Amino acid sequence: QQNLVDTYTFDNFVEGKSNQLALAAARQVAENPGDSYNPLFLYGGVGLGKTHLMHAVGNALKRSKPNAKIVYLHSERFVADMVKALQLNAISDFKRYYRTVDALLIDDIQFFAKKDRSQEEFFHTFNALLEGGQQMILTCDRYPKEIDGLEERLKSRFGWGLTVAVEPPELETRVAILMKKATQARINLPPDAAFFIAQRIRSNVRELEGALKRVIASAHFTKRDIDIELIKDSLKDLLALQDKQVSLDNIQRTVAEYYKIKVADLMSRRRSRSVARPRQVAMALAKELTNHSLPEIGDSFGGRDHTTVLHACRKIKELRETDADIREDYKNLLRSLTT
Ligand code: ADP
Ligand code: MG
């Protein structure tokens, strides 16, 4: 049971500012497993390459030590196996299995949260491996100290080796990733087309890969070359969704312009009706058109409390039913922000 994905290698991983540290650390671990970077703890949002890097280390170790026992598994699998072992009265086999590995790679350990018995078992396994100089690599979708329902002693131990963040890739890296994936698929992706996709798909590498796959499939089926027109056609829904993601900045500028006030007025403490009402409208639009939380929205309006935002949203909702001017303003603003 190795479960290593053989295409997740260092060679297939595109380096960028966002993943530089994580990549360097992973390479270091591949060269000197069980040494000072134990455990290697990678954290960051989904689709940013944590699983890929973890496998890359596993694959490199496999190459340099073909007989090494390298075990990769998702933390949910660890939990499930442990539960099964408990039911079958085989917990000592379970323990022995994990303690004899040369390297243990456990993905998405946020799933250990609130699973007390699994944490207990993992804690002992962790200590045994560390003592034996066996390498561990762990990933998580957030900083370990921020995982609710995880024992303090585990959180602290996770920091004994090296903890590195993986950040969302910046534009140049997104372009480079697209070009690399296109080359691997033997597809001719013109640089301006790669740039166009990278500019619009900003969330993570998995989304980027998904978009490229759709473009390639559509080029294949329509027998067209990949250009910006083809991309617009094949990613129509995705791009429309992206465009709807209006920024707070944009909302504030549009609202200020509409009411002929300054953006600074929206952020200010001024409470006069001529400023306060547009501010409330802008907050309500921000709630409707962005994924920002109430505190984030409050923050962007000169550091206001989330309850102020909530109040603004309620007030505007009420006014849109009772006040024809506000109803009209809101409709106009909504239209100019989304088309
Ligand atoms: P995570 O585990 O952080 O959610 P993954 O490792 O599963 O993310 O990565 C998602 C996809 O994106 C995978 O197919 C992976 O190969 C690819 N990927 C992520 N980062 C890179 C990169 N820097 N270079 C090449 N491919 C990448
Ligand atoms: Mg992953």
Side-chain angles (χ1 to χ4, degrees), residues 2-30 39-62 70-80 103-113 136-144 146-147 158 162-187 189 191 194-195 197-217 235 238:
Q2 303 238 354
N3 294 330
L4 288 176
V5 178
D6 54 14
T7 55
Y8 285 176
T9 59
F10 285 122
D11 282 347
N12 288 343
F13 193 82
V14 176
E15 176 168 6
K17 228 163 75 193
S18 55
N19 59 39
Q20 219 161 35
L21 285 178
L23 176 60
R27 282 192 191 280
Q28 190 55 240
V29 166
L40 173 61
F41 194 103
L42 303 173
Y43 73 95
V46 292
L48 300 181
K50 304 182 297 295
T51 298
H52 186 136
L53 276 177
M54 174 182 238
H55 282 258
V57 177
N59 283 316
L61 290 175
K62 197 70 210 152
I70 296 153
V71 173
Y72 164 87
L73 79 170
H74 195 268
S75 71
E76 281 179 310
R77 177 72 195 277
F78 185 93
V79 173
L104 180 61
L105 322 182
I106 302 199
D107 216 351
D108 291 322
I109 59 108
Q110 68 269 16
F111 289 104
F112 279 148
M136 280 170 284
I137 307 179
L138 310 170
T139 74
C140 185
D141 68 351
R142 69 203 85 158
Y143 188 61
E146 285 169 10
I147 312 170
F158 288 160
L162 179 67
T163 304
V164 200
V166 187
E167 304 281 341
E170 56 288 347
L171 181 65
E172 294 77 9
T173 312
R174 298 201 297 277
V175 173
I177 289 171
L178 286 169
M179 296 303 280
K180 175 125 189 161
K181 306 264 172 200
T183 309
Q184 281 170 346
R186 295 173 206 279
I187 295 296
L189 180 67
F195 197 78
I197 300 174
Q199 255 182 337
R200 275 155 185 83
I201 313 288
R202 276 164 292 190
S203 45
N204 66 55
V205 183
R206 188 170 296 140
E207 299 266 324
L208 210 57
E209 276 187 333
L212 181 64
K213 272 190 195 139
R214 278 173 55 180
V215 170
I216 292 174
L235 301 181
L238 252 179

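Here the structure is a predicted model, which means the values were calculated and not measured. As the structure lists them, so they are numbered: ligands from 1, and atoms in each ligand from 1.
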Novice: Under 3.5 Å, side chain of D107 to main-chain N/O of K50, donor-acceptor pair present?
Specialist: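 Answer holds: no.
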Novice: Could you walk me through whether I147 and F112 pass the side chain to side chain contact (heavy atoms under 4.5 Å, CB included) test, one step at a time?
Specialist: CA-CA 9 Å; I147 312 170; F112 279 148; over 6 Å; no
Novice: Looking at ligand 1, would G44 count as a contact under a 4.0 Å heavy-atom criterion?
Specialist: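 It does not, in that no heavy atom of G44 comes within the 4.0 Å cut-off of ligand 1.
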Novice: Heavy atom under 4.0 Å from ligand 1: found in E15's side chain, backbone, both, or neither?
Specialist: neither
Novice: I'd like to check which ligand 1 atoms, numbered from 1 as shown, lie under 4.0 Å from a non-hydrogen atom of V46.
Specialist: 4 (O)
Novice: For N12, which part has a heavy atom under 4.0 Å from ligand 1: side chain, backbone, both, or neither?
Specialist: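 Backbone only.
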Novice: Below a 4.0 angstrom heavy-atom separation, can you tell me which part of K181, side chain or backbone, both or neither, approaches ligand 1?
Specialist: side chain
Novice: From L21 CG over to T163 OG1, what is the distance, rounded to the nearest 0.5 angstrom?
Specialist: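 Output value for this atom pair is 12.0 Å.
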Novice: Where is the nearest protein heavy atom to atom 21 (C) of ligand 1: which residue, which atom, and how far?
Specialist: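 Answer, as residue, atom name and distance: F13 CE1, 3.6 Å.
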Novice: Where the side chain of R206 meets the backbone of V46, is there a donor-acceptor pair that is under 3.5 Å apart?
Specialist: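 Not at all, since once roles are kept as given, no pair shorter than 3.5 Å links the two residues.
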Novice: Which residue owns the protein heavy atom closest to atom 8 (O) of ligand 1, what's the atom, and how far is it?
Specialist: G49 N, 3.0 Å
Novice: Checking a contact table here: which protein heavy atom is nearest atom 2 (O) of ligand 1, and how many Å away?
Specialist: T51 OG1, 2.7 Å
Novice: Using a 4.0 Å cut-off to any heavy atom of N19, which atoms of ligand 1 qualify?
Specialist: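 That gives atoms 23 (N) of ligand 1.
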Novice: Is there an N/O/S atom in T139 that lies less than 2.8 Å from the Mg ion (ligand 2)?
Specialist: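 No, since none of the N, O or S atoms of T139 sits under 2.8 Å from the Mg ion (ligand 2).
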Novice: Taking the minimum heavy-atom distance to atom 10 (C) of ligand 1, which of E207, K180, R206 ranks first?
Specialist: R206
Novice: As an exercise, identify every atom of ligand 1 less than 4.0 angstrom from a heavy atom of G45.
Specialist: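 Answer for ligand 1: 3 (O).
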Novice: I want to confirm something. Looking only at heavy atoms, which of E209, H52, R174 is nearest to atom 11 (C) of ligand 1?
Specialist: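 Considering heavy atoms of E209, H52, R174, the nearest to atom 11 (C) of ligand 1 sits in E209.
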Novice: Could you identify the single nearest non-hydrogen protein atom to atom 23 (N) of ligand 1 and state the distance to 0.1 Å?
Specialist: V14 O, 2.8 Å
Novice: Check whether any side-chain N or O of N3 sits under 3.5 Å from a backbone N or O of V71 as a donor-acceptor pair, and report yes or no.
Specialist: no
Novice: Go through the steps for F41 and I137 under the test side chain to side chain contact (heavy atoms under 4.5 Å, CB included), then give the verdict.
Specialist: CA-CA 6 Å; F41 194 103; I137 307 179; over 6 Å; no
Novice: Nearest protein heavy atom to atom 4 (O) of ligand 1, by residue and atom, and its distance?
Specialist: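 Protein heavy atom at minimum distance: G47 N, 2.6 Å.
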Novice: Do the side chain of E15 and the main chain of L23 share a donor and acceptor less than 3.5 angstrom apart?
Specialist: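 Answer holds: no.
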Novice: Would you check whether V205 has a nitrogen or oxygen atom less than 3.5 angstrom from a nitrogen or oxygen atom of ligand 1?
Specialist: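 In this structure, V205 places no N or O atom under 3.5 Å from an N or O of ligand 1.
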Novice: Keeping the roles fixed (side chain from S75, backbone from D108), state whether a donor-acceptor pair exists under 3.5 Å.
Specialist: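 It does hold such a pair.
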Novice: Report yes if some N/O of I177 lies less than 3.5 Å from some N/O of ligand 1; otherwise report no.
Specialist: no
Novice: Parallel, tilted or perpendicular for H55 and Y72, by the 30°/60° rule?
Specialist: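 Correct class here is tilted.
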Novice: Could you tell me whether the side chain of T9 and the main chain of A56 form a donor-acceptor pair under 3.5 Å?
Specialist: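 No, the answer is negative, given that no donor and acceptor are paired below the 3.5 Å cut-off.
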Novice: Any side-chain to backbone donor/acceptor pair from N59 onto Y8? Under 3.5 Å, distance only.
Specialist: yes
